[in-house]
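The structure displayed is predicted, hence computed values, not measured ones.
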Amino acid sequence: MKLFLFVACLLFPLASLIAQEDTTNYQRAIRLIDQGTHDEAMELLRPYLDEERYGNLSGYARYHFARAAYENRQYELAKNVLAELLERSAWERADEARYLLALTHFQLSAPSEALRQVDAIRDESLKREAHEASYEFLKVSSSSLLSLQYAAYPENLGLVMALKEKLESQRSLSSSEQEIYQEIRNAAYTQMGNGDKIAPDEVLDVAVVLPFNYDGGSGVNSLQKNNFVLQLYQGIMMAFEEAKARGVAVNFQTFDTERSAEKVSQILRDPFLRKADVILGPIYPEETAEVAAFAQIYEIPQINPLSNIDDNIRDFRYSYLFRPSVQALSQKVIDYCRRFEGNRVALAYSGASRDEQLAGMFTEMARRSGLEIVNSQKLSTRETREFFETLGLGNEEGASVDVIVIFSDDPNIASPTFALVESLESGIPVVVMESWLYFNFANYEMMESQNFHFVGNNTVDFTDEKLTEFRERFLEKFNEYPSSFVYMGYDLTDMVCRVINAASGFDFQENLNRKGFQEGNLTFGFDFSNVKYNNYVPILRLEEGVLTIEEE
């Protein structure tokens, strides 16, 4: 590693150090070091190491002798000379010696000693340089070694960044590593902007942080119409345009995470992020966790537009889910199942993370509430028939279940389920996610006659005239009808623009608490009172072809 030191500062006026002594060889030695002729320079410096004869000049000679030894890869020699220099005298340039000694210890694979010397440096500019050197040496170290050193030297930003990158590169983290990771992210962001908030103005500033190129592409021109993030963004844009038309002062910027941790870190260094009143996105767990930590530092509401899983935001005060959490969904389905006379529940779920979490939480809640899970099965397309056959539906002896619950958004599970329920004609209630309403193979008449019930998950109100008008506006603008992702982007942004603005103020949670239940523009509504997710989870069913909310 190339050595950058304040060498010029060390060329102390020789006349003030030693009078009437020949310093020609000393000056020549300094020039030889800079030219890379280290052995000859060290020989010329040896006489000047005599402190009795050369006084203060010997300290400078020792430093430059160690510098030559370091550049000549004689690290043990450099270490011994520098240690003696720091121990024997209160040398006035001690910080430079500590910095060089720290580099020497790094080269000798002694990070503890190196970091101890860095910690002892008092000059701020030199300390920053030492932190940069710490990062360069430590970024190849193991997370266990870095974690151990971090406990002793948490102020070394180079160590912090090396450990942060190492933990981010790991596929999974232990509980202790997760705690450290959260702590060092906060430290990194605080150093990035000194933790200062920007003074508020009367304009709603929104940062839209989404993974447009989630499949590895680059640039918006390469995005296809079926890109679900692009569709989400189209809805966001329409809501912004309408908010501006209503007179809301809105300023927004869009950022593409590109599914890259490095890109997310770069985005979070953009000045606009610090001044934002709200952050919409990201979507994926690791990106959400990174932005949530940033939002916590700067006290900015941050909203995941699509997820039901709150694992990555639970510990962050300013992070929200636009949709209901897994817990809210589970509780609503439990309450609904308890309305039936029987207490026997058959549970099926897909292998998606949300559905597995839903199944686990639902099972735990069911046992506490007195419901009996008679069958619980993780489904694939082939296993759907097997699941229904075990329930005894359509048998003369009668079914072994009173209600069926299926947690899945997978059309490959929904399609055979529709066919089997229709053929068996059992009439037993089947509770499914509202996403089943969007499948183009679903027949509303069949779903109504076969007793399907739908768990509200920010469900669009298909019977509302406003939805018809919105579809026509969207068709005129984009030459196609909107998808479910368009609806989510639109209603999320519409809600944000109505909750925080110059007229209502910019305290997001306080305004949410004050508003209580809110009707959605396209959806059945929201309730974020005292929670960080939509706690409004209606159970819906079809009556005469119209989607209606079942009575509580």
Side-chain angles (χ1 to χ4, degrees), residues 202-210 228-254 276-283 300-307 319-324 434 438 456-478 481-529 531-538:
E202 296 301 304
V203 177
L204 174 58
D205 295 308
V206 184
V208 181
V209 182
L210 294 173
F228 79 97
V229 182
L230 177 61
Q231 294 169 359
L232 182 73
Y233 180 66
Q234 289 171 334
I236 291 172
M237 286 292 295
M238 287 194 68
F240 278 140
E241 291 171 2
E242 293 181 12
K244 289 181 178 180
R246 294 195 307 268
V248 178
V250 178
N251 176 35
F252 70 93
Q253 289 189 27
T254 303
D277 296 300
V278 64
I279 301 171
L280 303 185
I283 294 171
I300 303 169
Q302 174 257 329
I303 309 170
N304 186 313
L306 298 179
S307 181
S319 295
Y320 297 78
L321 301 178
F322 180 51
R323 287 185 151 173
E434 53 85 37
Y438 295 96
N457 189 20
N458 289 35
T459 309
V460 172
D461 186 353
F462 296 99
T463 63
D464 197 314
E465 290 183 2
K466 289 187 293 186
L467 180 67
T468 303
E469 295 171 359
F470 176 82
R471 285 168 55 84
E472 294 303 320
R473 294 198 307 274
F474 190 87
L475 176 63
E476 182 178 352
K477 186 177 183 65
F478 295 104
Y481 283 109
S483 70
S484 60
F485 297 108
V486 173
Y487 298 141
M488 287 303 100
Y490 176 85
D491 243 34
L492 163 61
T493 309
D494 180 75
M495 182 201 74
V496 167
C497 291
R498 293 179 187 276
V499 170
I500 53 174
N501 48 57
S504 302
F506 292 90
D507 191 321
F508 190 59
Q509 187 63 64
E510 181 181 334
N511 291 357
L512 288 172
N513 293 343
R514 186 171 60 250
K515 286 179 176 293
F517 172 77
Q518 307 170 63
E519 290 188 2
N521 207 328
L522 303 180
T523 65
F524 281 97
F526 324 101
D527 191 347
F528 289 84
S529 305
V531 292
K532 299 192 297 176
Y533 50 82
N534 181 14
N535 204 26
Y536 181 62
V537 188

Closest heavy-atom pair and its distance - [X], [Y]:
X    : Y    : result
I279 : I300 : CG1-CG2, 3.9 Å
K532 : S319 : CD-O, 3.3 Å
T493 : L280 : OG1-CD1, 3.8 Å
D491 : L522 : OD1-N, 2.9 Å
V486 : Q234 : CG2-OE1, 4.1 Å
I283 : N304 : O-ND2, 3.1 Å

Any donor-acceptor N/O pair, [X] side chain to [Y] backbone, under 3.5 Å:
X    : Y    : answer
N457 : E434 : no
Q518 : D527 : no
D494 : Y490 : no

- prompt: Between E241 and R473, does at least one N-O distance fall below 4.0 Å, as a salt bridge requires?
  reply: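 Salt bridge between E241 and R473, a charged N being under 4.0 Å from a carboxylate O: no.
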field: Ion pair check, R514 and D507, cut-off under 4.0 Å
entry: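 Here R514 does not pair with D507 in a salt bridge, since their nearest N and O are not under 4.0 Å apart.
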task: Evaluate the side chain to side chain contact (heavy atoms under 4.5 Å, CB included) criterion for residues S484 and V460: first the C-alpha distance (whole Å), next the side-chain angles of each, then the deciding distance (0.1 Å), finally the verdict.
output: CA-CA 8 Å; S484 60; V460 172; over 6 Å; no
Would you list the atom pairs, donor with acceptor, under 3.5 Å between side chains in residues 462-471 and any protein atom, with sequence neighbours excluded?
residue : atom : partner : partner atom : Å
T463    : OG1  : D461    : OD1          : 2.7
D464    : OD1  : K466    : N            : 2.8
R471    : NH1  : Y487    : OH           : 3.3

Can you check whether [X] reaches [Y] side chain to side chain, under 4.5 Å on heavy atoms?
X    : Y    : answer
T254 : I236 : no
Q302 : P282 : yes
L512 : F526 : no

- request: Answer with yes or no whether the side chains of N251 and D205 bring together a donor and an acceptor at under 3.5 Å.
  value: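 The criterion, which ignores hydrogens and geometry beyond distance, is satisfied for N251 and D205.
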- request: List the steps and the verdict of side chain to side chain contact (heavy atoms under 4.5 Å, CB included) for M488 and L492.
  value: CA-CA 6 Å; M488 287 303 100; L492 163 61; 6.0 Å; no
query: Mind checking whether Y536 and F517 have ring centres under 6.0 Å apart?
result: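 Yes, the ring of Y536 comes within the 6.0 Å limit of the ring of F517, centre to centre.
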- prompt: Taking the six-membered ring where the residue is Trp, are the ring centres of Y320 and F508 under 6.0 Å apart?
  reply: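 Yes, the ring centres sit under 6.0 Å apart.
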message: Rounded at 0.5 Å granularity, tell me how far CG in N534 sits from CG in N458.
response: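 If I round to the nearest 0.5 Å, the distance is 4.5 Å.
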message: Other residues, nucleotides and ligands only: do more than 12 of their heavy atoms fall within 6.0 Å of CD on E472?
response: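 Counting other residues, nucleotides and ligands, CD of E472 exceeds 12 neighbours.
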